[in-house]
Enquirer: 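Quick one: this structure, given as structure tokens, is what I'll be asking you about.
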There are 2 protein chains.
Amino acid sequence: MQMKTGVEQSVYAILILQMLPDKAVLPGEAISQQLGASSTYFQKLLRKLVSADLITSVPGVKGGFKLKKKPENIRVYDIYLAIEGKQSLYCSSGVLCDMLALEEVDQCCLLTGLMEEAESSWKAVLKRETIATLYEKTKKDYPEKAEMLQAWVQEKKVL
Amino acid sequence: MQMKTGVEQSVYAILILQMLPDKAVLPGEAISQQLGASSTYFQKLLRKLVSADLITSVPGVKGGFKLKKKPENIRVYDIYLAIEGKQSLYCSSGVLCDMLALEEVDQCCLLTGLMEEAESSWKAVLKRETIATLYEKTKKDYPEKAEMLQAWVQEKKVL
DNA sequence: GTACTTTTACTCGGATACCGTCTGTCCGAGTAATTATGG
DNA sequence: CCATAATTACTCGGACAGACGGTATCCGAGTAAAAGTAC
């Protein structure tokens, strides 16, 4: 039971895209290189982010990706949801139904309620942080590094 | 990213063992049958619970398993920990280190702090419920079924 | 110089392979109660 | 009847096979800008 590595990569990818000026895009290849990720697989992640309406894509020469929403409106939770999907962490196998021979199929698990509460509590934390706040932290913790990254984005940007 | 089914089975197994009178044990085979689980694999789960000091085992004829702690001292969280292990839900791959060329290896991830907080919040909920409270809920929700289960335990118990 | 074609550099989506983990099965070893055996 | 041996019914732990999901690679198709070509 562990979160996919794709979530972390996606967060950083969006953090990079957030540095782009308006109307500019960044090719997926460039992002994957910067992240040191497998290029082809990383593009699959980007498409998930597109499906989730977090970023938009433009095909063709001078194409690439850019943010669809404002950084302050993209929560870590949204990225998590885009990559991991919406199925919950806990899924009862209905053992209790068989064991107690219960007719009522729904909610025949003693743990489901508790687990849903736990998951909500977990997700609530992920909903607090946004790309905007994450970027502020970056600038605060590593100001010169953030500058470097910004420069790299300016160099690689298209359009 | 989904919890193992073994956690649910283990919770119900301990819920059954909790019904045993003192000094009595229940063979793993009987429990697995009641749960409708694969017998051989389920015994692996039981051994994990033994390692976690939640239950004790006695070998030999008339052997089996019984609780090691009192039901009110066994939290759902303890069972989760015994089965899933102690590694956290989120594990940074250190992408940010490479990307920003950071020397400081530890805590070079913008998400680790947030994720740890989220996980703590999640675990806190699992720590609230114990086998004792879970048993109370069962008796309250399905009083006659709990009675049936209790009768079955009396029939199957050893010693 | 304009209209058209070709090339180029991207995204998109499916098919497929690899690998680690969870699930499940099997076997031999250890343990202790029960049963069988011999005196 | 008592002591010892054999059987039985469990747990224990390792080795191993299968299923599944995440990761990764490759390919053809679509798209649009740029470059080339013809008149």
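Below, chain A is the first sequence line, B the second, and so on; all start at residue 1. Reckoned from all heavy atoms, side chains included, excluding hydrogens, waters and symmetry mates. Just so it is clear, the model here is predicted, and its values are computed rather than measured.
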Enquirer: In whole angstrom, give the distance that lies between atom CG of A:L17 and atom P of C:dT11.
Expert: 11 Å
Enquirer: How close or far is atom P of C:dA17 from atom OH of A:Y41, stated in whole angstroms?
Expert: 18 Å
Enquirer: How close or far is atom P of C:dG14 from atom NZ of A:K48, stated in whole angstroms?
Expert: 13 Å
Enquirer: Take atom NZ of A:K62 and atom P of D:dA35, then tell me their distance rounded to the nearest Å.
Expert: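 These atoms are roughly 9 Å apart.
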Enquirer: Base, sugar-phosphate, or nothing for B:F42, non-hydrogen atoms under 4.0 angstrom?
Expert: nothing
Enquirer: Just how far, in rounded Å, is P of C:dT11 from CG of A:L49?
Expert: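 A:L49 atom CG is separated from C:dT11 atom P by 13 Å.
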Enquirer: Both A:L45 and A:G60 contact DNA chain D. Which one's nearest nucleotide lies toward the 5' end?
Expert: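 This one resolves to A:L45.
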Enquirer: Does B:K123 make a cation-pi contact with B:Y77, if we ask for NZ or CZ under 6.0 Å from the ring centre and within 45° of the axis?
Expert: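 Cation-pi check for B:K123 and B:Y77: fails.
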Enquirer: Classify the side-chain pair A:T130/A:E72 by whether it contains a donor and acceptor separated by less than 3.5 Å.
Expert: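 No pair is found: no donor N or O on one side chain lies under 3.5 Å from an acceptor on the other.
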Enquirer: Please tell me which of A:R47 and A:M1 maps to the more 5' nucleotide of DNA chain C, matching each residue to the nucleotide holding its nearest heavy atom.
Expert: A:R47
Enquirer: For D:dG22, does OP1 or OP2 lie under 4.0 Å from any side-chain N or O of A:T5?
Expert: no
Enquirer: When you measure from the side chain of A:V61, which nucleotide among C:dT11, C:dC12, C:dA9 comes out closest?
Expert: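 Closest of the options to the side chain of A:V61: C:dA9.
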Enquirer: Within this structure, what is the NZ-to-P distance between A:K4 and D:dA24, rounded to whole angstrom?
Expert: 13 Å
Enquirer: Whole Å only: how far is the CD atom of A:E84 from the C1' atom of D:dG21?
Expert: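 So the CD-C1' distance, A:E84 to D:dG21, works out to 11 Å.
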Enquirer: With a non-hydrogen cut-off below 4.0 angstrom, is A:T40 in contact with a base, only sugar-phosphate, or nothing?
Expert: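 Here A:T40 touches the bases of the nucleic acid.
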Enquirer: Checking all strands, does B:Q43 fall into the base, sugar-phosphate, or nothing category for heavy-atom contacts under 4.0 angstrom?
Expert: sugar-phosphate
Enquirer: Given that B:S38 and A:G64 both sit by DNA chain C, which one's nearest nucleotide is further toward the 5' end?
Expert: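 Comparing both residues, the 5'-ward one is A:G64.
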Enquirer: Check for a donor-acceptor pair, side chain of B:Q9 on one end and backbone N or O of B:A37 on the other, with a separation under 3.5 Å.
Expert: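 Checking the backbone N and O of B:A37 against the side chain of B:Q9, no donor-acceptor pair under 3.5 Å is found.
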Enquirer: Remember a base hit wins even if backbone is also touched, and classify B:S39 as base, sugar-phosphate or nothing at under 4.0 Å, heavy atoms.
Expert: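 Touches nothing.
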Enquirer: Give the rounded distance in Å between these two atoms: CD1 of A:I55 and C1' of C:dC12.
Expert: 13 Å
Enquirer: Would you say B:T112 and B:S92 are linked by a side-chain donor-acceptor pair, where the criterion is simply a distance under 3.5 Å?
Expert: no
Enquirer: Below 3.5 Å, does any donor atom in the side chain of A:K44 face an acceptor in the base of D:dG22, or the other way round?
Expert: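 Absent.
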Enquirer: Scan B:V158 against the nucleic acid and name what it touches under 4.0 Å (heavy atoms): base, sugar-phosphate only, or nothing.
Expert: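 Nothing, no heavy atom under 4.0 Å.
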Enquirer: Between the main-chain N or O of A:K4 and the side-chain N or O of A:E84, is there a donor-acceptor pair closer than 3.5 Å?
Expert: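 Checked: pair present.
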